[in-house]
Structure formats: structure tokens, C-alpha cells
Amino acid sequence: MSVAPGLQPESWHLLSLLEQAPGLKALGDTLADLADEGHPVVVGTADLKYSNGLVRFQDRHPDKYLQFGISEQHMVSTAAGLATTGLRPYVATFASFMALLACEQIRTDVAYTRLPVRLIGHHAGITLGFYGTSHHATEDLAITRSIAGLTVVAPADTAALAAVLRASVDLPGPVYFRIGRGRDPEVYPAGTTLQIGKAVEHGRGSDLTLIATGSMVHPALRAAAALNADGYDVGVLDMHTVKPLDEEAVLGAARRSRLLMTVEEHNVLGGLGGAVAELISEHGVPVRLHRHGIRDQYSLIGPPTHLYGHYRLDAPGVEAEAREALHSASH
């Protein structure tokens with residue numbers, strides 16, 4: 001019996017895949033760069049090195065790469081063990097498998113012991129549209145932000161992903177990275193630096209502040225531009241760190257805007273919208289909040305672009321949702 005070889009680093013199949021999804025290159029290359037610089041990085045994945053681009057890390061550091069097969073729970077527990085030796089394990093699989101399937105291992109083996117494991121959940125939200133409910137991850141923010149001691153980060157694009165990976169190297173405790181399928185439009189230039197726990201402010205607005213995370217930052221920026229062109233005063237916060245939430249940024253926006261609208265590729269329950277609602281209610285800030293995302297349902301199955309349109313998670317949809325929320329808030 002012959003076994004087909006894996007994709008070669010310069011094969012047109014792999015180059016084509018990475019060209020379509022530059023975020024995959026950023027994941028593998030940034031981690032390899034960190035290893036080159038002497039950081040104690042080890043990387044593992046659950047039979048998905050081509051889907052997440054970690055084949056690029058394997059090519060440069062085969063001695064620091066682990067292939068776990070389809071064994072996500074084992075991967076997370078093993079990463080916890082590796083972290084006890086002084087290593088910085090970065091392990092990756094589909095977000096639905098990381099946050100849901102391996103939730104017990106994340107909570108008990110990693111977070112409870114405060115180990116510096118970096119958990120990468122890729123193809124989050126509805127990016128795996130064709131694959132169906134088992135592969136959709138619209139609960140992962142709610143799950144991970146409820147786990148004590150776990151930092152939760154959702155970068156907006158390739159440059160932001162590279163930035164938060166670098167920012168995480170010496171961060172104490174575990175981190176969950178929520179990323180898409182590597183096809184997010186550019187928001188930031190290469191070489192951007194981000195501080196975990198500190199939101200990025202893209203303008204201030206007295207009418208509305210859009211608070212977006214991950215894949216929804218670009219649509220929010222486009223929606224804000226369209227609304228501002230129509231005479232509204234709209235600002236955007238890139239809340240790339242969902243936990244710990246940048247309380248100062250949220251409360252500042254709440255005090256200067258008559259309406260806040262969270263935007264997330266996630267169930268509106270328990271994710272970014274829930275975090276913002278908890279904060280403003282605890283501080284008694286009298287501002288109206290509209291949570292935009294998937295409204296407590298299992299998403300449909302179909303092409304991701306169609307799903308974004310259906311759930312109003314593309315730029316025109318976010319704009320329409322914001323206009324309706326602004327109209328409602330004025331009555």
C-alpha cells in the first residue's frame with residue numbers, strides 16, 4: 001500500500017491555499033520567528049497543519065512541532081504537561097473542537113493550574129459554513145470567558161494576529177486565541193503592535209460607538225464610514241481582547257455615546273455583548289446597548305459569504321443593523 005506524501009512547502013496546492021488565506025501564513029511564520037528568537041515555543045495541532053498554516057512552523061522547526069492526530073483533548077492535556085517544564089506550548093485546532101470538545105481539559109488541566117498554554121481556535125464563528133453545526137463555533141467566547149484565569153483574544157486580521165501572538169509570549173497564565181480562516185480583510189499594517197487588554201479606538205462618536213471583535217472589526221469600520229458620510233457621529237472600538245475587557249474604553253464610549261452596539265460573529269448571549277452589558281450595568285451608566293450577532297440559534301449551513309449576509313454580519317448588514325438601532329434609540 002502506498003501513502004500519498006504531504007503537501008510540499010513550495011507546492012502550488014499549498015501556495016494557492018496560503019495566498020487565499022494569508023492569516024494562515026501569519027500564524028505559522030510568527031510562531032517560527034519567535035522560536036528563531038530563542039523563545040521556548042513548541043507548537044502542536046490536531047491533524048490540521050494545512051488548514052491552519054502550521055506546516056510552515058513544522059518546515060522551519062520540525063523538532064519543536066507535534067502532530068497529535070484527531071485527539072484534541074489529549075493535545076490540550078499534553079500542552080499543560082509541556083508548560084510545566086518551562087516551555088510555551090501553542091496548540092491549534094478548529095475553534096469548535098478547542099472550546100467545546102476540550103473544554104474540560106482547558107478548565108482543569110490548563111486554567112486551574114494557571115499554566116502558560118496558548119490555545120488557538122481557528123475557523124471560528126461560521127467560517128466553516130459548509131461543514132455544519134458540529135464545526136461552527138458560536139459559543140466559544142461565552143465558554144472561554146467564563147473560565148477563571150483564561151485570557152481571551154480575537155484579532156481582526158493578519159497583522160493583528162501576529163501582534164497578539166508576540167504580545168502573548170511572556171504573558172502569565174493561559175490564553176485563548178479566536179481566529180477565522182485567514183481571509184479577513186486588512187485593518188492594520190504589517191508590524192502593528194497591540195497590547196493585550198487594551199482596545200484600539202478608531203474614532204469617537206456621540207451618536208454611536210460600534211464595539212467589534214475579531215472578524216467583525218472590518219465590517220464595523222466600513223459601516224461607520226457609511227454612517228458618518230450620512231451625517232451621523234460614529235466611532236469604533238476594536239475589542240481584540242474580550243477578557244480582560246478594556247473597561248476604561250467601554251465606559252468612556254458609554255458616557256459619550258447615546259448608543260453602543262456590539263458586533264460579534266457569535267451568539268449574542270455570553271460573548272462580547274454580554275461582557276459589555278455586565279460592565280455598563282454594574283457601573284450604572286445610562287446608555288442604550290444593542291447586541292448584534294447570531295440571535296440564540298444554531299446557524300444555517302451554507303457558504304460563509306451567504307451566511308454573513310443572512311445574519312447581517314457583513315458591512316452592509318452591520319450598517320443596516322446600526323441604522324435601525326439608531327432609529328429605535330431616538331424614539
Side-chain angles (χ1 to χ4, degrees), residues 7 13-14 16-28 44-56 67-73 75-76 90-103 106 119-144 152-158 160-161 176-185 212-219 242 263-272 293-314 317:
L7 292 177
H13 301 80
L14 183 57
S16 176
L17 172 65
L18 296 177
E19 185 65 29
Q20 295 176 49
L24 303 183
K25 290 191 288 187
L27 179 59
T45 188
D47 204 29
L48 290 170
K49 66 181 180 181
Y50 299 119
S51 294
N52 54 34
L54 290 179
V55 63
R56 297 173 70 84
Q67 172 59 269
F68 287 91
I70 305 174
S71 184
E72 295 84 3
Q73 295 164 317
M75 178 177 72
V76 172
Y90 287 75
V91 291
T93 186
F94 292 142
S96 56
F97 300 160
M98 181 66 81
L100 280 76
L101 183 61
C103 180
I106 292 172
L119 307 149
I120 301 166
H122 54 83
H123 289 77
I126 52 178
T127 59
L128 280 171
F130 287 114
Y131 290 76
T133 303
S134 65
H135 285 60
H136 295 171
T138 56
E139 309 89 356
D140 58 319
L141 287 178
I143 291 168
T144 53
V152 180
V153 181
D157 67 358
T158 298
L161 171 59
Y176 174 67
F177 296 92
R178 185 188 209 245
I179 63 177
R181 55 177 179 161
R183 301 187 183 190
D184 297 306
T213 191
S215 61
M216 293 295 101
V217 174
H218 188 268
V242 178
V263 190
E264 56 192 317
E265 188 181 341
H266 188 271
N267 193 323
V268 295
L269 301 178
L272 175 64
I294 296 172
R295 302 208 69 82
D296 196 26
Q297 61 184 274
Y298 297 103
S299 60
L300 299 173
I301 299 168
T305 51
H306 290 60
L307 294 180
Y308 290 137
H310 175 78
Y311 290 110
R312 304 176 103 180
L313 293 174
D314 54 5

Taking the side chain as every heavy atom from C-beta outward, state whether Tyr311 and Leu300 have any pair of such atoms under 4.5 Å apart.
yes

Report yes if the side chains of Arg56 and Lys25 come closer than 4.5 Å at any heavy-atom pair, otherwise no.
yes

Residue pair Thr93 / Ala46: nearest heavy atoms and the distance that separates them
OG1-CB, 4.0 Å

Over all atoms of both residues, closest heavy-atom pair of Ala99 and Thr144:
CB-CG2, 4.2 Å

Is there a side-chain contact between Arg181 and Pro304 in this structure, where contact means two heavy atoms from C-beta onward sitting under 4.5 Å apart?
yes

Please confirm whether the backbone N or O of Gly69 pairs with a side-chain atom of Gln67, one donor and one acceptor, at under 3.5 Å?
yes

Nearest 0.5 Å please: distance from the CG atom of Asp47 over to the CZ atom of Phe94.
9.5 Å

Would you mind telling me which of Leu269, Asn267, Val242 makes a side chain to side chain contact (heavy atoms under 4.5 Å, CB included) with Leu141?
Val242

side-chain hydrogen bond (donor to acceptor under 3.5 Å, both in side chains) involving Thr213 - partner list, sequence neighbours excluded
none

On a heavy-atom basis, the closest approach of Ala156 and Asp184 is O-CB, 3.4 Å

Between Tyr176 and Met98, does a side-chain contact (heavy atoms from CB on, under 4.5 Å) hold up when you go through it step by step?
CA-CA 9 Å; Tyr176 174 67; Met98 181 66 81; 3.9 Å; yes

So, taking the atom named NE2 in His306 and the one named CZ in Phe130, what distance separates them when rounded to the nearest 0.5 Å?
8.0 Å

Gap separating the CD1 atom of Ile294 from the CD1 atom of Ile126, nearest 0.5 angstrom
4.5 Å

side-chain contact (heavy atoms from CB on, under 4.5 Å) between Leu100 and Glu139, worked out:
CA-CA 8 Å; Leu100 280 76; Glu139 309 89 356; 3.8 Å; yes

Is the closest side-chain heavy-atom distance between His122 and Leu48 below 4.5 Å?
yes

From Asp314 atom CG to Ser215 atom OG, the distance as rounded to the nearest 0.5 Å
11.5 Å

Partners meeting salt bridge (charged side-chain N to carboxylate O under 4.0 Å, His left out) with Asp140 (sequence neighbours left out):
Arg178

Contacts of Glu264 that satisfy side-chain hydrogen bond (donor to acceptor under 3.5 Å, both in side chains) - sequence neighbours left out
none

Closest contact, heavy atoms only, Ala102 versus Val76:
CB-CG2, 3.9 Å

Check for me whether the distance between the ring centres of Tyr131 and His136 falls short of 6.0 Å.
no

Hey, mind stepping through Ile120 and Val91 against side-chain contact (heavy atoms from CB on, under 4.5 Å) and telling me if it holds?
CA-CA 6 Å; Ile120 301 166; Val91 291; over 6 Å; no

Tyr308 (side chain) donor-acceptor with Glu265 (main chain) under 3.5 angstrom:
no

Minimum heavy-atom distance Leu54-Ala92, with the two atoms named
CD1-CB, 3.8 Å

Show the nearest heavy-atom pair for residues Pro155 and Ile179, with the distance to one decimal.
CG-CG2, 3.7 Å

